[in-house]
Amino acid sequence: MTVACTTTVPPSPTPSTSGEAAPSAASPAAASVAPAATATPRPTAEPGLASRVEIGTIDPALTNPIGEFRSDARSIVFASARAEDAGPNGTPDLWRITPPDGEPELLWRNPERDHALVVIAGDVGTYAFVDMPLTGERAWTLWLLPRDATEPIRLDEHPGDEDVSSLVPSVSVNEDTVVWTAFDRGPAGPVSQLRIAHAPDWEPRTIRELPAAEGELWFPSVAGTALAYVEVHYLDGGADDERQVYLTSTIPGSEPQRLDRSGLATMPLIVDGGVLWKEADEGFAMMNWGKMFRYDLADGSVRRLSTRPQQWVNYPSAGYRYAAWWGADSFQIGVYDLLADEAEVLERHSLASDTSALRPHVAGDLLVWLEVVLSPIGERSTLKYAFLPGPRDP
């Protein structure tokens with residue numbers, strides 16, 4: 001587990017093209033080039049939201065060894081190697097636990113015991129997840145487990161071609177729809193695709209396709225029939241790129257509308273009345289830390305959001321009322337109230353505690369994150385969660 005350093009450093013520029021050398025969107029290593037915590041002790045008590053929200057803890061014995069995890073608005077779904085026959089390095093199985101008192105429920109036992117589930121997306125009981133080996137071959141499989149189903153559906157897989165990028169899909173699930181991005185072979189060479197499948201047959205179809213030599217498609221966000229996604233277009237022979245956020249409909253024949261003006265926008269999220277996205281500074285790769293912006297559907301305006309207490313954030317998520325993001329300063333965790341239009345601090349830890357809050361994710365009203373405590377005898381990882389106020393709450 002990577003924990004932020006305790007000194008302040010600027011983010012280091014990395015090549016701004018998002019090709020094969022870029023870290024996977026599913027990898028925590030993608031967020032390792034970042035400013036870290038300042039060496040100032042902080043109090044743990046906070047006014048405001050933190051005083052009104054009860055933070056719960058999941059017994060590590062119920063989850064560990066844990067890999068990827070997500071909130072699905074009601075439960076926490078996670079990849080784990082807690083089964084006795086799991087491989088020594090993988091997290092092959094899909095589990096679910098419903099706080100506060102639920103027991104772990106095995107949703108899918110992976111027949112490949114040395115694999116890992118490296119991407120998970122879900123919405124109230126429907127889950128899409130990417131399974132891949134840990135031995136280095138160019139392979140991944142995207143599975144879908146519909147609500148109340150006992151066996152997953154194979155939606156997509158890497159073709160195995162040496163010239164096709166092996167970066168894993170980015171995925172979004174909403175009700176009866178799943179949207180994902182993937183690289184595949186094409187009639188004239190490798191392509192980057194935006195794909196979709198609907199219940200009840202879940203038959204995949206391609207919405208958008210780019211020659212992989214010219215650009216890439218990333219980070220879908222689907223809500224009802226609305227769909228946001230990122231197009232990356234290479235510039236100067238691949239030495240630079242432009243990242244554009246588009247909004248369209250899942251209805252066939254719909255025309256996409258570009259929302260950003262900067263050419264730096266990525267990781268969009270559809271929220272009530274608008275679209276959020278992250279922008280890394282110019283010259284930085286799209287997986288690097290950045291700042292958050294909001295597009296207003298009513299008037300087309302774009303404005304920057306406060307990410308207090310964080311200066312730099314990554315991998316945003318959004319629920320009914322709140323947005324959350326990974327913070328470059330892992331000693332504190334904040335959320336953004338989309339209704340009140342303000343940032344809130346949820347939890348702080350002092351540097352002396354050696355406690356980090358990592359990888360927060362919110363869906364619906366359920367926020368989940370990983371708390372890591374370092375000590376002379378090793379590292380302890382614990383899932384924590386909070387049910388945040390809903391849109392109708394004061």
Side-chain angles (χ1 to χ4, degrees), residues 48-49 52-53 70-75 121-126 170-179 196 198 219-230 244-251 254-262 265-279 290-308 310 313-326 333-346 360-369 385-394:
L49 180 66
R52 308 195 312 271
V53 171
R70 287 291 184 275
S71 165
D72 81 342
R74 293 181 183 172
S75 304
D123 182 32
V124 195
T126 294
S170 46
V171 189
S172 178
V173 177
N174 178 247
E175 298 179 349
D176 60 353
T177 302
V178 57
V179 183
I196 191 169
H198 296 283
F219 301 115
S221 174
V222 62
T225 60
L227 171 62
Y229 64 94
V230 173
Q244 305 167 354
V245 164
Y246 285 88
L247 182 65
T248 188
S249 171
T250 58
I251 300 171
S254 300
E255 290 295 323
Q257 172 193 1
R258 182 177 172 181
L259 302 185
D260 73 287
R261 306 181 186 114
S262 66
T266 186
M267 301 184 185
L269 296 167
I270 296 174
V271 297
D272 188 23
V275 178
L276 311 183
W277 64 71
K278 185 205 76 174
E279 294 186 10
K291 301 176 174 66
M292 291 298 300
F293 293 81
R294 181 173 187 167
Y295 178 91
D296 193 315
L297 290 172
D299 60 14
S301 62
V302 177
R303 60 186 174 85
R304 183 178 163 186
L305 299 184
S306 169
T307 56
R308 186 180 68 90
Q310 300 292 340
V313 298
N314 218 342
Y315 298 103
S317 56
Y320 298 144
R321 175 169 173 172
Y322 286 88
W325 29 68
W326 298 17
I333 183 172
V335 293
Y336 190 86
D337 187 335
L338 297 164
L339 184 63
D341 202 22
E342 62 183 9
E344 293 263 21
V345 179
L346 186 61
H361 182 266
V362 62
D365 298 328
L366 177 59
L367 174 72
V368 60
W369 67 96
Y385 66 90
F387 286 100
L388 303 176
R392 294 181 177 85
D393 294 327

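No hydrogens, no waters, no symmetry mates; every other heavy atom, side chains included, goes into these values.
The closest side-chain heavy-atom distance from V335 to P360 is not below 4.5 Å. In this structure, the side chains of V362 and L388 come closer than 4.5 Å at one or more pairs of heavy atoms. Inter-residue side-chain proximity for P256 and Y229 is flagged as met; some heavy-atom pair is nearer than 4.5 Å. With contacts defined as side-chain heavy-atom distances shorter than 4.5 Å, the pair W325/T307 qualifies. Taking 4.5 Å as the limit, every side-chain heavy atom of L346 sits out of range of all side-chain heavy atoms of Y322. Residues L367 and V53 form no side-chain contact, since every pair of their non-hydrogen atoms from C-beta on lies 4.5 Å or further apart. The shortest side-chain heavy-atom distance between N174 and I270 does not fall under the 4.5 Å cut-off. Looking at heavy atoms from C-beta onward, M267 lies out of side-chain contact with V230 at the 4.5 angstrom threshold.
With rounding to the nearest 0.5 angstrom, the CD atom of Q257 is 12.5 Å from the OG atom of S249. Between the OH atom of Y315 and the OG1 atom of T266 there is a distance of 9.0 Å, given to the nearest 0.5 Å. Taking NE2 of H198 as the reference point, atom OG1 of T177 lies at 4.5 Å (rounded to 0.5 Å). Atoms NZ and CG, from K278 and L269 in turn, are 11.5 Å apart once rounded to the nearest 0.5 Å. The distance from atom CH2 of W326 to atom CG of N314, rounded to the nearest 0.5 Å, is 7.0 Å. For the atom pair CH2 (W277) and CZ (F219), the distance works out to 15.5 Å, reported to the nearest 0.5 Å.
Remark: D272 engages no residue in a salt bridge (charged side-chain N to carboxylate O under 4.0 Å, His left out) (not counting sequence neighbours). Residues that satisfy the side-chain hydrogen bond (donor to acceptor under 3.5 Å, both in side chains) test with T126, not counting sequence neighbours, are absent from this structure. Checked against side-chain hydrogen bond (donor to acceptor under 3.5 Å, both in side chains), T225 has no partners two or more places apart in sequence or in another chain. Considering only residues two or more places apart in sequence or on other chains, D341 meets the side-chain hydrogen bond (donor to acceptor under 3.5 Å, both in side chains) condition with R303, Y336. With sequence neighbours excluded, the residues satisfying side-chain contact (heavy atoms from CB on, under 4.5 Å) with R304 are K291, F293. Legend: residues meeting side-chain hydrogen bond (donor to acceptor under 3.5 Å, both in side chains) with E342, ordered by chain and number and at least two apart, are absent. Looking at residues two or more places apart in sequence or on another chain, you find a salt bridge (charged side-chain N to carboxylate O under 4.0 Å, His left out) between R321 and D337. Partners of A363 according to the side-chain contact (heavy atoms from CB on, under 4.5 Å) rule, which considers only residues two or more places apart in sequence or in another chain, are S71, A73, H361. Under the side-chain contact (heavy atoms from CB on, under 4.5 Å) criterion, S75 pairs with D72, R96, T98, not counting sequence neighbours. With sequence neighbours excluded, the residues forming a side-chain contact (heavy atoms from CB on, under 4.5 Å) with R258 are E242, Q244, Y246, D260, listed by chain and number.
Here the closest non-hydrogen pair linking A265 and V245 is CB-CG2, 3.5 Å. Taking every heavy atom of both residues into account, V275 and V271 meet most closely at N-CG2, 4.3 Å. Scanning all heavy atoms of the two residues, the minimum distance from A121 to V171 falls at CB-O, 3.8 Å. The minimum heavy-atom distance between R70 and V368, with the atom names listed, is C-CG1, 4.0 Å. Listed here is the closest heavy atom pair of R308 and E344: NH2-CA, 4.0 Å. Across all their heavy atoms, P316 and M292 have their closest contact at CB-CE, 3.9 Å.
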query = Given V222 and I196, is the side chain to side chain contact (heavy atoms under 4.5 Å, CB included) satisfied, shown in steps?
reply = CA-CA 10 Å; V222 62; I196 191 169; 5.8 Å; no

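Side chain of D296 to backbone of S301: no donor-acceptor contact under 3.5 angstrom is found. A donor-acceptor pair under 3.5 Å is absent between the side-chain atoms of T248 and the main chain of L227, judged by distance alone.
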